[in-house]
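Read the structure below first, then the notes.
These numbers were taken from a predicted model, which means no experiment stands behind them. Order of the sequence lines fixes the chain letters, A, B, ..., with proteins taken first and strands second; residue numbering starts at 1 for each chain.
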There are 2 protein chains.
Amino acid sequence: MTSTTVPQGPPKRRRDRAAREREILEAAERIFGERGYQGTSMDDVAAQVGVSKPLIYQYYGSKDGLFLACLARLRGHLLDTVADAVMAAPDAEDALYAGFLAWFRFLDEHPQAWSVLVDEGMLSAGPAAEATDEVRAAFIELIAQMVRMNLPAGRPVDDDEVQIVAQSISGATERLAIWRTRAATPPTPEKVARTLQDLLWQGLHTLKTT
Amino acid sequence: MTSTTVPQGPPKRRRDRAAREREILEAAERIFGERGYQGTSMDDVAAQVGVSKPLIYQYYGSKDGLFLACLARLRGHLLDTVADAVMAAPDAEDALYAGFLAWFRFLDEHPQAWSVLVDEGMLSAGPAAEATDEVRAAFIELIAQMVRMNLPAGRPVDDDEVQIVAQSISGATERLAIWRTRAATPPTPEKVARTLQDLLWQGLHTLKTT
DNA sequence: GTCCGGAACTTACTCGTAGTAAGTTACTCG
DNA sequence: CGAGTAACTTACTACGAGTAAGTTCCGGAC
């Protein structure tokens with residue numbers, strides 16, 4: 001009877017680093033999504049994974065680091081979804097609508113992912129701020145490209161204006177998403193996307209005349 | 001020589017409650033503005049005022065409570081400034097521009113006030129969330145009223161659409177403000193206000209035909 | 001004056017959580 | 001088998017939010 005002493009139910013012992021990192025990331029996404037950044041402690045995550053806290057620190061460096069990893073993954077996923085919708089649209093006008101629609105639908109379908117994204121404002125201080133800006137910047141860039149699609153090719157583009165418009169759209173869609181989650185009976189994604197498109201479509205053309 | 005024992009340099013001893021509350025609030029605004037919500041400890045504020053921490057808790061209840069008090073005051077100030085500019089404008093088109101301009105100018109002139117306002121996202125958890133929503137709701141309402149000013153009186157107003165537009169504008173202006181503080185050479189308030197107005201003005205009229 | 005009631009204020013804690021130092025266990029390759 | 005290394009843990013420190021229980025001072029009643 002040398003061994004066979006403690007055959008635990010879950011045979012979850014040592015895993016290699018990549019597998020553990022994935023496991024931790026999934027748990028973190030879930031818990032951050034449920035309880036928010038502040039409401040989640042590293043001990044919670046560690047306990048959920050069945051691992052000790054320092055291991056998470058070894059892999060992710062800090063609480064901000066772990067949160068950022070979640071954020072980057074989720075936002076990447078969202079970005080892909082929206083970008084696909086935009087690319088699939090037949091023309092610029094449809095692309096605008098399709099992009100908005102994909103955005104709001106994704107957030108309806110992944111509510112806890114969205115909770116994480118909302119909390120990104122959390123990291124406004126510290127070196128994490130730049131990281132979140134980078135993550136968001138990919139989105140702004142997608143929007144900026146869509147905006148440029150609307151401008152005739154020959155004209156000189158005022159980059160400041162493109163930036164202003166892209167930032168505006170980014171801010172508008174984020175606030176609308178937050179508002180929809182809080183509202184008692186939020187309008188459908190279609191309705192919101194349609195209204196936004198109506199609001200912006202004409203104005204986007206005035207840029208080229210400036 | 002009954003008294004005259006300890007004539008300290010700064011004769012800051014007991015003050016009545018209202019005066020102390022003001023003093024604490026001013027210090028808190030300054031420190032929150034400089035270091036952000038996370039970066040500020042209650043001990044910092046207490047030390048700055050020259051008072052002990054429990055006194056602040058007695059007056060403001062919690063860190064969130066203190067922060068909210070700052071927030072409400074600053075946002076009220078900002079709201080008044082923008083509302084005044086909107087009201088003073090001769091027509092709806094000017095009102096839109098004037099409102100945006102007042103907003104961006106105020107934030108340029110009160111950078112640390114703005115830092116506090118940016119951090120409000122911080123309070124996405126807990127009972128403080130509703131309070132910040134209330135504070136923001138006043139702004140949304142101002143915008144919604146401006147939007148309604150653009151619609152002909154006789155038509156039935158789609159309240160959902162008005163809300164969507166108001167939320168969008170609120171989100172756009174907030175994100176633009178954040179972007180301007182981070183950008184190396186941000187465009188002038190006039191430029192941003194002008195571009196935003198161009199972007200939105202035409203679209204605002206399409207609402208009435210929906 | 002002096003006594004007393006309450007408001008202003010403090011000392012000295014508890015508790016929870018981010019983060020770390022130093023050590024231990026198990027897998028792997030010669 | 002034995003050594004090296006990656007995976008992992010125990011047992012802390014540090015610090016900040018929030019609190020219990022007390023102390024000091026002022027202003028009015030007699």
Q. Do we see a donor-acceptor contact under 3.5 Å between the side chains of B/Y97 and B/D198?
A. no
Q) Within the structure, does a side-chain N or O atom of B/R20 lie under 4.0 Å from either OP1 or OP2 of C/dC9? A) yes
Can you pull every protein N or O that's under 3.5 Å from an N or O on nucleotides 26-30 of chain C?
| residue | atom | partner | partner atom | Å |
| --- | --- | --- | --- | --- |
| C/dA26 | OP1 | A/R13 | NH2 | 2.8 |

(Q) Please check this pair: side chain of A/T40 against backbone of A/G36, looking for a donor-acceptor N/O pair closer than 3.5 Å. (A) yes
Q.
Among residues at least two apart in sequence or on other chains, which ones pass salt bridge (charged side-chain N to carboxylate O under 4.0 Å, His left out) with A/E26?
A. none
Below 3.5 Å, can you tabulate the donor-acceptor pairs from side chains in residues 75-88 of chain B to any protein atom, sequence neighbours excluded?
| residue | atom | partner | partner atom | Å |
| --- | --- | --- | --- | --- |
| B/R75 | NH2 | B/E120 | OE2 | 2.5 |
| B/T81 | OG1 | B/H77 | O | 2.9 |

Q.
Treating primed atoms plus P, OP1 and OP2 as sugar-phosphate and everything else as base, which nucleotides of nucleotides 14-19 of chain C get B, S or - for protein heavy atoms under 4.0 Å?
A. ---SBB
Q | Non-hydrogen atoms of B/S168 and A/A172 that approach each other most closely | A | O-CB, 3.5 Å
(Q) Counting only Watson-Crick pairs (N1-N3 plus N6-O4 or O6-N4) and G-U wobbles (N1-O2, O6-N3), all under 3.5 Å, who is the partner of D/dC30? (A) C/dG1
**Q.** Protein-nucleotide distance (A/R15, atom CZ; C/dT25, atom P), rounded to Å
**A.** 22 Å
Q.
Nearest 0.5 Å, please: how far is CD in A/Q202 from CD in A/Q197?
A. 10.5 Å
Q) When you list every nucleotide of DNA chain D with an atom under 4.0 Å from a heavy atom of chain A, which one comes first 5' to 3', and which comes last? A) D/dA6 to D/dT10
**Q.** Any residue meeting salt bridge (charged side-chain N to carboxylate O under 4.0 Å, His left out) with B/D16, in chain and number order, not counting sequence neighbours
**A.** none
**Q.** Of B/A18 and B/P54, the one whose closest DNA chain C nucleotide lies more 5'
**A.** B/A18
